[in-house]
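One structure is given here, and the rest of the page talks about it.
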Amino acid sequence: MIESTHSSPERAEVRAVRESGRTTVLVIGAGINGISTFRDLALQGVDVLLVERGDFASGASAASSHMIHGGIRYLENGEFRLVRESVEERNGLLKIAPHYVKPLETTIPIYSTFSGILSAPLRFLTHKSGKPQERGAFLIKVGLTIYDTFSRDGGMVPRHRFLGRKRSLAELPSLDPNIKYTATYYDASMHDPERLALDVLQDGRAAHPGGAIALNYVEAVARDGANVVLRDRESGTEFTVAADVVVNASGPWTDLTNDALGTDTRFMGGTKGSHIVLDHPELLEATRGREIFFEHSDGRIVLIYPLKGRVLVGTTDIDADPREVPVCTEEEIDYFFDLIHHVFPQIDVTREQIVYNFSGIRPLPRHEDTAPGFVSRDYRIEVDEKGAAPLVSLVGGKWTTFRALGESLSDVVLGLIGRTRTVSTAGRAIGGGRDFPRTEKARRIWIQENLPGAGERAERLLARYGTRAAQVWEYIEQGDDAPLAGGDLSTRELAWMVENEMVARLQDVILRRTSIAFTGHADADVLEELADALAPLLDWDRARHDAELDQTRTLLNERHGLKISSRTRG
Ligand SMILES: Cc1cc2nc3c(=O)[nH]c(=O)nc-3n(C[C@H](O)[C@H](O)[C@H](O)COP(=O)(O)OP(=O)(O)OC[C@H]3O[C@@H](n4cnc5c(N)ncnc54)[C@H](O)[C@@H]3O)c2cc1C
């Protein structure tokens, strides 16, 4: 993590927590799973403090392939429980978070009829793997049929279909003409993971005002009996909080956090995965709005996927040390170009078309001789009751299953504090997904009624906030407003984010409250413009303003493959 070089006054929320010095449950790590657990406990009326050493959803949760998926390929690992739960959760999220989770038509290009039939069941029996055999049409058909069966009750997405070569190429003319078939089915795409996480978090805070508190840029650094030592990375102050239960939801860093708390665990064995984002209209057009999900020549399942007018390409799966900062390497970029060429041989791609890249570590369980791509994606919960307060560690957990996982983890915690569940999160709308208009007509009416006068901005606000856009627009209208970042943002909207969305740093806005970086719009001018606009809102002096610019530039250049140079004011 790029360290801050400044220190700021203590934030009011941090002061309140420091002065109180206690909570019932302390959750360490605000990735989607810590956040989901936080919301669930808040809904039960339990006092809960969530601390995150970076910004909310800035760890593994910011590095995903943006898929809410049943995980068809986990079937060959024999992970039927996980696939069933994932499909159910996918169907659920399409209903409760329709503002960010949308059906995604997915096509698998297939080059053979029978390959992989022997190796896949063998892998399922042994849970080990060498290089897998190519998955042929027969195997994919079996998988998709099971997948459809799991989907049956939800009925949220259509069943799969198989096409021969000719019809496949009629639908997707740029595909490699050597394919034999395509299989097309539906999963779901998560358009704004970081904003979805924020929505879940906000729902948690609102469910138990004053009792459910979430702090970003606060790190758990040590433990002293029932007290956990926290460090506020903004002000630099350290203080302790006593909790009846401590939940370690620090994703790939779970063992490192346990170590800081004085408990030696060997739960984790994370793998690194990277993605590139391309501004490539021809490739975008070639996907015809679908995710192309396929097996590359090394047996890895990879994807090419249209998102926000760009093309997302990923991913790799390489054993990783969580103490090191994951970055997308030149070799990984070569691998991505190779995989694009594998399915779209006529389309050229160059490095200049990459507008952004990102890399993260999957919080997977420790795996000995299992190849990275075949390590279980299921999660488990470990409870250590030896210390002054029980320490509950989460091992694993995908984005897709966050709601169910939060419920399971919260049930364990409720058991430890002698409370029972009063509210379920199943079927409960998330944030701006509440009353979200689903048809074109409903959308038009909703905009007329809730965003009067928003004009061209209406669609953008609805996409960014879901139905929370109504409150944002009301706020924007109450003051002078001017466009920022080429019109993607405005001064009043930024002020809304600072007042309501716990923005602490420039990078929070560029990377997580908006998609400015993801879509390739974070250049030197935009950074400077946003730093200028944030300075009065966050009481930054010139030194802090300049430090923010410097850190954000370094972060974007070193971790996201950009080449932003500092520019002198003109
Ligand atoms: C390349 C890649 C692709 C993926 N694609 C998908 C996908 O398409 N669909 C899907 O469902 N899943 C996907 N996943 C998996 C999914 O993103 C993760 O499993 C999930 O986001 C994990 O969330 P988490 O909350 O458990 O961990 P994290 O998001 O990593 O959260 C843990 C948090 O703990 C914080 N932390 C660590 N130590 C401390 C401390 N001492 N004090 C305070 N805070 C601390 C970290 O800063 C971090 O924010 C993908 C993952 C990767 C890496």
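For ligands, and for the atoms within them, numbers begin at 1 and follow the listed sequence. For reference, positions follow the sequence shown, starting with 1.
- Using modelled atom types and a 3.5 Å distance limit, the side chains of Thr37 and Ser410 yield no donor-acceptor pair.
- Taking the centre of each ring, His296 and Tyr335 come in below the 6.0 Å mark.
- Within ligand 1, counting atoms from 1 as listed, the ones closer than 4.0 Å to a heavy atom of Ala63 are 1 (C), 2 (C), 3 (C), 52 (C).
- At least one N/O-N/O distance between Arg53 and ligand 1 falls below 3.5 Å.
- Classification of Lys272 and Glu324 as a salt-bridged pair fails, no side-chain N sitting under 4.0 Å from a carboxylate O.
- Close contacts of ligand 1 with Ile28, meaning ligand atoms under 4.0 Å from a residue heavy atom, involve 40 (C), 42 (N), 43 (C).
- Using a non-hydrogen distance threshold of 4.0 Å, Val218 registers as a contact of ligand 1.
- A salt bridge links Asp321 with Arg323; the closest basic N to acidic carboxylate O contact falls under 4.0 Å.
- The residues Arg512 and Glu501 are annotated as not salt-bridged, no charged nitrogen and carboxylate oxygen being separated by less than 4.0 angstrom.
- Here's the thing with Ser58: none of its N/O atoms is less than 3.5 angstrom from an N/O atom of ligand 1.
- Put simply, CG on Asn248 and CG on Asp255 are 8.5 Å apart, with the number rounded to the nearest 0.5 Å.
- Polar contact check, Ala220 against ligand 1: a nitrogen or oxygen pair lies under 3.5 Å apart.
- At least one N or O atom of Thr400, backbone or side chain, sits closer than 3.5 Å to an N or O atom of ligand 1.
- Between Gly360 and ligand 1, no N or O atom pair is found at a separation short of 3.5 Å.
- Below 4.0 Å from some heavy atom of His275 lie the following atoms of ligand 1, by number and element: 1 (C), 3 (C).
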